[in-house]
Student: 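Would you mind keeping the following structure in view while I ask a few things?
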Amino acid sequence: MKLNTAYNPKDVEERIYKLWEKSGCFNPDKLPGKRTKKFSVMMAPPNITGSLHLGHALENTMIDILIRMKRMQGFKTLWLPGIDHAGIAAQNVVEKSLRKEGLRRQDLGREKFTEKMWAWKEKYGHIILGQLKKIGALPDWSRTRFTLDHDYAKAVQEAFIHYHKKGWIYRGERVINWCPRCETGISDLEIEYREEKGKLYHIKYPLADKSGFITVATTRPETMLGDAAVAVNPKDGRYKHLVGKFVALPIQNRRIPVIADRGVDMDFGTGAVKVTPAHDVADFEMSLRHNLPKIKIIDEKGIMANTAGPICEGLKAIECREKVVAELQKFELLEKTEDYVHNVAFCERCSAKIEPRLSKQWFLKMAKLSESAIKTIKSKETALHPKKWEKMALNWLKNIRDWNISRQLWWGHQLPVWFCKNQTGVFNFQFSISKQKKGKNKIKDDNFIVSLEKPKECPICKNCEMEQSVDVLDTWFSSALWPFATLGWPQKTADLKTYYPTDYIASAREILNLWIIRMIFSGKEFTGKSPFKTAHIHATILTKEGKRMSKSLGTGIDPLLLIDKYGADATRFGLIYQNLGNQDIRFAEDAMITGKKFCNKIWNATRFVLLQTENFQFSIFNFKTISKLKLSKYDKKILNDFKKTKKEIEKQLEKYEFGKALRKLYDFFWHDFCDVYIEKSKQQSANPKLAKNTAQILFYILTNSIKMLHPFLPFITEEIWGGLKSEGLQTDALIIESWPK
RNA sequence: GGGCAGUUAGUUCAAUGGUAGAACGUCUGUUUUACACACAGAAGGUUGUAGGUCCGAUUCCUACACUGCCCACCA
């Protein structure tokens, strides 16, 4: 076997990956030998929007390391890959590309637009998975899933129906986060807050009996058009005498009451707050306590509705603000304005300003589900790693609110809800809530049924063609089923039986609540078992300056460029080398250079050892013939160091300390083996008594090191292994070789 | 506003109740039977600030500062 003096990844990687693909051994059904124990992991399915970033590269390298090691250790290993349809995110990407042609999704209509989405998915869906190959990730390509696949969709519908039967799904009118650009409701987790310089407007509301004014402070004066009350704290001496009186709402000339509510902070602003039930979450809740009307003044596009009054109708909310302020000034009702910095909510996906808005949505009751998730985490049925995330998760679960699972999007799973065309449901929120509290599941004023198939006959009017709800489910509703829906649930498949629950999942911390926890309670609910034994919340990769890597800031680093520059193994090395269990990695490219140098070191150590074999017959591969009597102290030391290193690595990987394991291996191979033993071996080889033993030990340490290095540096090790094989070593491909004993 | 981390060599990070280590970078030397992507060696740190416990703290405790993250309906 002739090796060049330097390792060149470009000559190797593509060829080696093809070899693995051809071997089929990514598929656990095709693995050789009896494998009684299984090890399974679900890939976090990337979006059809994204391209590979360093987070994916790190996450999937960690999983790949575990899978490769476990496969060598004789486990039946499944790593299941897939793609997420990513509702709002994907829809926005396609909408953006349409906008370049001057089109909006509404111009195409739902059906045409959805066709575009599917075309997009066909074109881009597999690109990111293909990119994973470049980093050496080898999941079971034969089991690739997509969250809108036919079978998967069925699982999603079944899940909805299950919850509905339990009485946990209800339809309600609530103030939710509304994105006027996407024209959909979104969850609390899909908004981001940014600090913005605004103004705090102090507005005088005249008392109805003309005895004076009450001044309220607000950042959004335009919402006063929908006010239903002025609220003060019941303990506030300044306003006690006003509670129960009425004020004349300026511009709108409506009479609204002054109410007392414990939720009002006496120390903020004037201590009196305007209440806009239809456009503020806190005000909405207050309106329930005081039975106030909920007047919607802003429509789904963020335009003032006719309820906003003749002078404001048709204006954008921000234009309306100016108009309202001008009107107030005209009547000398604007007491003062102050500069005020506050957090403003934006749509995470399109950066439009969120407009809280009263809207009819579907909710999933969280009380029982969060309880079950809390139990699962506390009992360690699923361990969160590192442990500090447990607290975060439990804290979120304890304060959880019902989950708004409906979205007014076009890309996603439509609800298995069918409406009667003839009977228009008259919906009353308070009515339905009180009914539910008494445990009565039937909300008789709604005109729908829940069913997997379209009913042949409408059970409500017996006369109409029922129409399916146009809403789709929150994308996370379907991702929450990922660990078992991908294995065939609700069918009782062999895969489900064999591979569920899975052993490990790796995830970025920002989706701990969005995804990990929701998988936990979904798994418990539908299968009785939590979907994974360990959820590893891995480090976030930051820029060297400690800033978030993001495309929009131009701070992202493309892993494909790193692979091109240093090779896949060196890139893996660099990522794992920096991953030492801390929450953040300040990305330093130095580590990839270290990785590249290490690959070269391994390469040349191999060249040296092979030179030593030239004088011997193939019996050198039989390590049983190493003479224990002839061991020098250096022989003993390296054999002992090797044993210690192996133990240490297994221990660290058991704890998911990938970086520590890699550093251990690095130190052993470079310093103990190359710097010391190889140098000593040169002297020993000159001694005829020791020569054969030395060569055998060199070979033994090298081959077993290559095995242990393989999960970390799969390409170079497989390439070297192939070379050893051509030298006459009786062996399979390294990927299915057995772990050192 | 509440909570969680981190702050150590030029850079990215380790470690430890008893005078701090690695990688990359820098400097000097070396082509010695794999590797100059190497080898041998060197320089480089009053371990964020201020207190406290201790014979002794970078390590434990308390404040503070800065950085990052999570949670939260303050108009």
Side-chain angles (χ1 to χ4, degrees), chain A residues 3-8 175 177 188-189 193 198 200-203 216-221 223-224 230-231 263-276 279-286 340 342-343 345 356 386 388-396 398-401 509-510 512-513 537 539-540 542-548 566-567 570 573-574 577-612 659-660 663 666-667 670-671 674-675 678-679 681-683 685-686 698 702:
Chain A
L3 296 177
N4 292 326
T5 57
Y7 171 63
N8 185 1
V175 171
N177 303 304
D188 293 344
L189 299 171
Y193 288 95
L200 193 59
Y201 299 84
H202 292 245
I203 307 172
V216 298
T218 180
T219 53
R220 304 190 57 205
T223 61
M224 67 161 288
V230 171
V264 179
D265 181 353
M266 289 161 56
D267 298 327
F268 186 89
T270 62
V273 57
K274 56 190 276 315
V275 183
T276 318
H279 295 286
D280 184 281
V281 177
D283 292 2
F284 173 74
E285 278 164 18
M286 217 183 274
Y340 185 64
H342 62 143
N343 279 332
K388 65 178 174 186
W389 296 106
E390 256 178 41
K391 222 189 225 175
M392 301 271 189
L394 293 174
N395 182 45
W396 184 73
K398 277 177 200 150
N399 300 311
I400 203 164
R401 309 168 75 184
R509 65 155 152 273
E510 67 253 30
L512 171 63
N513 297 337
I537 313 302
T540 302
L542 306 172
T543 65
K544 220 170 180 177
E545 292 73 37
K547 299 285 172 215
R548 204 175 191 77
Y566 303 109
F573 181 99
Y577 187 80
Q578 297 182 74
N579 184 21
L580 288 154
N582 262 336
Q583 60 175 342
D584 296 332
I585 294 172
R586 289 195 179 198
F587 181 76
E589 212 167 304
D590 297 351
M592 275 74 190
I593 296 172
T594 310
K596 185 169 177 272
K597 290 182 174 181
F598 187 43
C599 286
N600 205 52
K601 192 72 182 173
I602 296 167
W603 191 254
N604 280 294
T606 305
R607 288 179 63 225
F608 175 80
V609 172
L610 287 179
L611 284 175
Q612 305 307 301
K660 284 181 187 163
R663 278 168 192 241
Y666 175 88
D667 284 341
W670 198 307
H671 299 120
C674 293
D675 287 354
I678 285 187
E679 290 309 315
S681 79
K682 288 173 184 172
Q683 294 163 24
S685 301
L698 279 171
L702 178 80

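In what follows, every chain begins at residue 1, and chains take the letters A, B, ... in the order their sequences are listed.
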Student: Hey, could you give me the CD1/CG distance between Ile400(A) and Asn395(A), rounded to the nearest 0.5 Å?
Tutor: 11.0 Å
Student: When you measure from the side chain of Gln578(A) to the backbone N and O of Gly574(A), does any donor-acceptor pair fall under 3.5 Å?
Tutor: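 Indeed, once roles are kept as given, a pair shorter than 3.5 Å links the two residues.
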Student: Starting at OH of Tyr577(A) and ending at P of rC13(B), how long is that distance when rounded to a whole Å?
Tutor: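 Going from Tyr577(A) (OH) to rC13(B) (P), I get 12 Å.
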Student: So, is Lys597(A) near the phosphate of rA38(B), with a side-chain N or O under 4.0 Å from OP1 or OP2?
Tutor: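 For rA38(B), OP1 or OP2 has a side-chain N or O of Lys597(A) closer than 4.0 Å.
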Student: Both distances below 3.5 Å, Watson-Crick or wobble geometry, any strand: find the nucleotide opposite rU33(B).
Tutor: none
Student: Can a side chain N or O of Lys601(A) be found less than 4.0 Å away from OP1 or OP2 on rC39(B)?
Tutor: yes
Student: For the residue pair Tyr7(A) and Trp603(A), does the interplanar ring angle fall in the parallel (under 30°), tilted (30 to 60°) or perpendicular (over 60°) class?
Tutor: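 Geometry flag for Trp603(A) against Tyr7(A): tilted rings.
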Student: I'd like the P distance from rU46(B) over to rA9(B), given in whole Å.
Tutor: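 About 9 Å, rounded to a whole number of Å.
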Student: Measuring only the P atom in each nucleotide, how far is rA15(B) from rA22(B)? A whole number of Å is fine.
Tutor: 15 Å
Student: Is the phosphate of rA72(B), meaning OP1 or OP2, less than 4.0 Å from a side-chain N or O of Arg401(A)?
Tutor: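 No, Arg401(A) has no side-chain N/O under 4.0 Å of OP1/OP2 on rA72(B).
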Student: How many Å lie between CG on Asp667(A) and C1' on rA15(B), as a whole number?
Tutor: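 Checked: the CG to C1' distance equals 13 Å.
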Student: Find the partner of rC13(B): check Watson-Crick (N1-N3 plus N6-O4 or O6-N4) and G-U wobble (N1-O2, O6-N3) distances, both under 3.5 Å, and reply none if neither fits.
Tutor: rG21(B)
Student: Rounded to whole angstrom, note down the C1' distance from rG44(B) over to rU8(B).
Tutor: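 Result for the C1' pair: 14 Å, nearest Å.
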Student: Searching all strands shown, indicate the nucleotide that pairs with rA5(B) (Watson-Crick or G-U wobble; both distances under 3.5 Å).
Tutor: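 Its partner is rU67(B) (Watson-Crick or G-U wobble, both distances under 3.5 Å).
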Student: rU7(B) C1' sits how many Å from Arg586(A) CZ, rounded?
Tutor: 9 Å
Student: Using a cut-off of less than 4.0 Å, is there contact between a side-chain N or O of Asn513(A) and OP1 or OP2 of rC71(B)?
Tutor: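 So the side chain of Asn513(A) is within the cut-off, an N or O lying under 4.0 Å from OP1 or OP2 of rC71(B).
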Student: Taking the six-membered ring of Phe608(A) as reference, does the cationic atom of Lys682(A) (NZ for Lys, CZ for Arg) lie under 6.0 Å from its centre and within 45° of its axis?
Tutor: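 Judged by the rule, Lys682(A) and Phe608(A) form a cation-pi pair.
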Student: How long is the line joining CE of Met392(A) and P of rA5(B), in whole Å?
Tutor: 8 Å
Student: Now, which nucleotide makes the Watson-Crick or G-U wobble pair with rG56(B), with each of the two distances under 3.5 Å?
Tutor: none
Student: Rounding to an integer number of angstrom, what distance separates rG3(B) and rA75(B) when you compare their C1' atoms?
Tutor: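 That atom pair is separated by 24 Å.
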Student: Taking atom P in both rG51(B) and rC73(B), compute the distance separating them and give it to the nearest angstrom.
Tutor: 42 Å
Student: For the pair made of CD in Glu510(A) and P in rG68(B), what is the distance, rounded to whole Å?
Tutor: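 For the pair Glu510(A) CD and rG68(B) P, the rounded distance is 16 Å.
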Student: Expressed as a whole number of Å, how far does the P atom of rA36(B) sit from that of rG25(B)?
Tutor: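 Straight-line distance between the two P atoms is 15 Å.
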Student: Across all strands, who's sitting opposite rA42(B) as a Watson-Crick or G-U wobble pair, both distances under 3.5 Å?
Tutor: rU26(B)
Student: When the P atoms of rU12(B) and rG48(B) are compared, how many Å lie between them, rounded to an integer?
Tutor: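 So the two P atoms sit 14 Å from each other.
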Student: For rG6(B) versus rU59(B), give the span between their C1' atoms, rounded off to a whole number of Å.
Tutor: 15 Å
Student: Counting only side-chain nitrogens and oxygens, does Trp670(A) get under 4.0 Å of the OP1 or OP2 atom of rC39(B)?
Tutor: yes
Student: Measuring from Thr218(A):OG1 to Met224(A):CE, what's the distance to the nearest 0.5 Å?
Tutor: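 Spacing of OG1 (Thr218(A)) from CE (Met224(A)) equals 10.0 Å.
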Student: rA38(B) P sits how many Å from Tyr7(A) OH, rounded?
Tutor: 16 Å
Student: For Tyr566(A) and Phe573(A), I'd like to know if the aromatic rings sit close, meaning centre-to-centre distance below 6.0 Å.
Tutor: no
Student: For rA50(B), which nucleotide is its Watson-Crick or G-U wobble mate, given both distances must be under 3.5 Å?
Tutor: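 Per the H-bond distance test, rU62(B).
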